Amino acid sequence: MVKINISKTSGRLGSWHIVAGAIMTALGVYVWFNPAISLLALALYLGVAFIFVGCGYLLYSSESPSTKYLLLALLDIFVGTIFVINLGVTAASLPIIFALWCLAVGIVQIAASYQLHRLRLPWSWSLGSGVIGVLFSFLILAYPVVGEITITAFMGAYIFIYGIIEIWEYLTYKDLKNTFGKIS
């Protein structure tokens, strides 16, 4: 049986949670109020992620008899490099990519709703969601700024909520330390 000294552990973890929470909460607010910079940062992040994933595929391709992983590696590294070299173009195209994704998901949901209808299962929510997705994608394609605002709003909200959760975890660890400190 492993014994954990909760007061030592919660002190170190708690300190990190409050710092990380404050940084992430502030960063979430920054993302909301600076959408252009945030899209550039997201473009850089995506480019670097593609390069790393491509390198992983490249390493794995040496062990695989299939050339699929080598081709995926080269494609990912190529796309990632293009994203990193052309951050402005990548950032500007993110709303279009997001719109095309919304369009594809909307079409799939509409098709699925017809299948559900034929099976006499609830289908109206799927149809409604699909139609909204298709309409939203056309709205973004017509007005790309809507896509920029949506992407940065979601990104900022996620980062902000992450920061709040980190602060909540700090408070939770602090309570654990106080509770277990009294028992010991």
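These numbers were taken from a predicted model, which means no experiment stands behind them. Along the sequence shown, residues carry numbers from 1.
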Between [Y] and [X], is there a side-chain heavy-atom distance shorter than 4.5 Å?
X     : Y      : result
Phe78 : Leu74  : no
Val29 : Phe33  : yes
Leu94 : Leu46  : yes
Val19 : Tyr170 : no
Ile51 : Phe83  : no

Phe50 vs Ile77, test: side-chain contact (heavy atoms from CB on, under 4.5 Å). Steps then yes/no. CA-CA 6 Å; Phe50 269 98; Ile77 291 170; over 6 Å; no
Which word best sums up how the rings of Tyr162 and Tyr158 line up, parallel for under 30°, tilted for 30 to 60°, or perpendicular for over 60°?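 If you compare the ring of Tyr162 with that of Tyr158, the planes turn out tilted.
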I'd like to know if the side chain of [X] reaches the main chain of [Y], judged simply by a donor and an acceptor atom lying under 3.5 Å from each other, with no hydrogens or angles considered.
X      : Y      : value
Trp32  : Ala153 : yes
Ser129 : Trp125 : no
Thr152 : Pro35  : no

Quick one: pull up [atom1] in [X] and [atom2] in [Y] and give me the separation to the nearest 0.5 Å.
X      : Y      : atom1 : atom2 : result
Thr25  : Ile167 : OG1   : CD1   : 4.0 Å
Asp76  : Leu71  : CG    : CG    : 11.0 Å
Leu121 : Gln115 : CG    : CD    : 10.0 Å
Ile140 : Leu100 : CD1   : CG    : 9.5 Å
Leu44  : Leu39  : CG    : CG    : 12.5 Å

Counting only heavy atoms not in Phe136, do more than 12 fall under 6.0 Å of its CZ?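 Check passes, neighbour count above 12.
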Go through Val146 and Tyr143 one step at a time and tell me if the side-chain contact (heavy atoms from CB on, under 4.5 Å) criterion holds. CA-CA 6 Å; Val146 172; Tyr143 304 100; 3.9 Å; yes
If hydrophobic clusters are built by linking Ile, Leu, Val, Met, Phe, Trp and Tyr wherever their side-chain heavy atoms come under 4.5 Å apart, do Ile107 and Tyr114 end up in the same one?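 Both belong to a single hydrophobic cluster.
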Is a donor from one side chain sitting under 3.5 angstrom from an acceptor on the other, for Ser126 and Gln109?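 Absent: no donor and acceptor within the cut-off.
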Worked verdict on Thr150 versus Phe154 for side-chain contact (heavy atoms from CB on, under 4.5 Å): CA-CA 6 Å; Thr150 303; Phe154 283 144; 3.4 Å; yes
Quick one, Ile18 with Glu166, criterion side-chain contact (heavy atoms from CB on, under 4.5 Å). Give me CA distance, side-chain angles, the key distance, then yes/no. CA-CA 6 Å; Ile18 194 71; Glu166 287 293 322; over 6 Å; no
